[in-house]
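For reference, the structure discussed in these notes is given below.
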Amino acid sequence: MNIMVVGGGGREHAIINKLNKSPKVDKIYALPGNGGIAADAECVSIDAKDLDAIVDFAKKNNIDFAVVAPDDPLVMGCVDRLKEIGVPCFGPDKKAAIIEGSKVFSKNLMKNYNIPTAGYEVFTDASSALEYLETAPIPTVIKADGLALGKGVIIAQTRDEAKEAVLSMMEDKVFGESGNQIVVEEFLTGPEVSVLSFTDGKTVVPMVSSMDHKRALDNDQGLNTGGMGTIAPNPYYTEDIANECMEKIFLPTIDAMNKEGRSFSGCLYFGLMLTDNGPKVIEYNCRFGDPETQVVLPLLESDLLDIMINISNGTLDKAEVKFSSGSACCVVMASDGYPQKYESGFEITMPTDKNIYVAGAKLSEGKLLTAGGRVLGVTETAPTLKEAIDKAYETVKSVNFENAYYRTDIGQRALKGVN
Ligand code: AMP
Ligand code: GLY
């Protein structure tokens, strides 16, 4: 089969790497892919948001199946457009992708269907939000309604910080239209767990759980980033908690989306916080997480393409979804300065026989050069989490590029959760 994967980061590299193991795959195109992905797929320089060009490419290249990985094209309706021309897809349609595309939609969904989440208020103008913040409990969490490159969430430790966040989103429009509405949310505490799940809108099959490390510096200090590393499974996510999440969160969400006429098909990501009052939803994503995918898929023992095709056919109950009982750790190597200013264009040398998922790199005269904030993710799997972490850091030593920066404590907090 000819497969097209829309997207070009570390997550897409991990998806492509797994799809390549399927005997059904003849050829994989990545739109746009990147310099590292080029070793595993044919990269086509089409932007993931250019829906016209994506559809045109699919028409002309006998694409049998498409995987739309990033949030933007999903929320823009890429799957709807591809299905219109008869290309089966993995990913939700536009109506269902709103679960990530609008925080106001997802918060209201959870409220209306009694799915546990942080308490919240929605504001459509800055003055009412500012008035509310005069007396709201602090810390508080301010969220832009729409997509904001993962930067639309501000945890405000003081009233002034909260007000500043409101003004920057609603008056200065730092996230454009995404800040037309905002959610002001109760601040929750507890270990965070990411649960990616396969669903065809009827059956939901959670993948192995994982933990992201969002802050730039060790000990969860520094600015929020797209994710500096992940481990799986997440030791805080016990079998009892998993059962509770299935009953109170996963199935009710699938059911709620069906009742709203927005049946969800694809990967539904549950960002959870395990609070003293039970697990609560922090966010939904309508896609695989990045860099969660880089630890979850290496543990998948079943054929990913087979699962995706079954989901697209509405027969997920017929698919085998099996994960290994081992652990995985992914250490993200970034350009020093990320998530702010950084230099790029440095040559990368790395082993070719390892699970190294390239996020930000380009090929130039046969050389792989850094071309982004997050450059690559080094993943290792092992029977235990401790071994996976040690192996990943060992492999990190064999990757070289100027200005490389990585956290040295990926997985350390999780190790404390191991009984
Ligand atoms: P997001 O960009 O939506 O992934 O959110 C970024 C991070 O903000 C999450 O991973 C949490 O650590 C934090 N966060 C979001 N909502 C809350 C909340 N209600 N209480 C505490 N932390 C939160
Ligand atoms: N790692 C979090 C996300 O993909 O949104």
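The figures here come from the full heavy-atom set of this structure, side chains too, leaving out hydrogens, waters and symmetry mates. We're numbering straight along the sequence, starting at 1. Start at 1 and go down the list; that is how both ligands and their atoms are numbered.
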Identity and distance of the protein heavy atom lying nearest atom 10 (O) of ligand 1: Glu192 OE1, 2.8 Å
Closest approach of any protein heavy atom to atom 3 (O) of ligand 1, naming residue and atom: Glu283 OE1, 3.0 Å
Pair Glu380, Thr395: side-chain N/O donor-acceptor within cut-off below 3.5 Å: yes
Subset of ligand 2 atoms that lie under 4.0 Å from at least one heavy atom of Asn285: 3 (C), 5 (O)
Ring centers of Phe270, Phe250 separated by less than 6.0 Å: yes
Reference residue Tyr120; test side chain to side chain contact (heavy atoms under 4.5 Å, CB included); the match among Lys143, Lys111, Glu186: Lys111
Taking atom 17 (C) of ligand 1 as the reference point, the nearest protein heavy atom with its distance: Ile282 CD1, 3.6 Å
Any side-chain donor near an acceptor of the partner, Lys248 and Asn114, under 3.5 Å: no
Any donor-acceptor N/O pair, Ser168 side chain to Asp172 backbone, under 3.5 Å: no
Proximity to ligand 1 by part of Ile155, non-hydrogen separation under 4.0 Å: side chain
Exercise: do Asn277 and Thr275 side chains pair donor with acceptor under 3.5 Å: no
Ligand 2 contacted by Tyr269 (non-hydrogen, < 4.0 Å): yes
Worked verdict on Glu192 versus Tyr236 for side chain to side chain donor-acceptor pair (under 3.5 Å): CA-CA 8 Å; Glu192 284 186 58; Tyr236 291 97; over 6 Å; no
Proximal atoms of ligand 1 relative to Phe187 (non-hydrogen, under 4.0 Å): 20 (N), 21 (C)
Ring geometry between Phe123 and Tyr132 (parallel below 30°, tilted from 30 to 60°, perpendicular above 60°): tilted
Glu134 and Arg159 ion-paired at < 4.0 Å: no
Proximal ligand 2 atoms for Asp212, defined as those under 4.0 Å from one of its heavy atoms: 1 (N), 2 (C)
Heavy atom of the protein closest to atom 5 (O) of ligand 1 (residue, atom name, distance): Val153 CG2, 3.7 Å
Ligand-residue contact atoms, ligand 2 with Gly289, heavy atoms, under 4.0 Å: 4 (O)
N or O contact, Leu188 vs ligand 1, cut-off under 3.5 Å: yes
Protein contact of atom 1 (N) of ligand 2 - nearest heavy atom, named by residue and atom, plus distance: Glu292 OE1, 2.7 Å
Protein residue, atom and distance nearest to atom 16 (N) of ligand 1, heavy-atom basis: Lys143 NZ, 3.0 Å
Plane angle bin for Phe90 and Phe198 - parallel if under 30°, tilted between 30 and 60°, otherwise perpendicular: perpendicular
Within reach of ligand 2, part of Arg287 (heavy-atom separation under 4.0 Å): side chain
Backbone or side-chain N or O of Glu283 under 3.5 Å from ligand 2 N or O: no
Nearest non-hydrogen protein atom, atom 19 (N) of ligand 1: Glu185 OE2, 2.7 Å
Identity and separation of the nearest protein heavy atom to atom 6 (C) of ligand 1: Lys214 CD, 4.0 Å
Asp303-Ser22 side chain donor-acceptor pair, cut-off 3.5 Å: yes
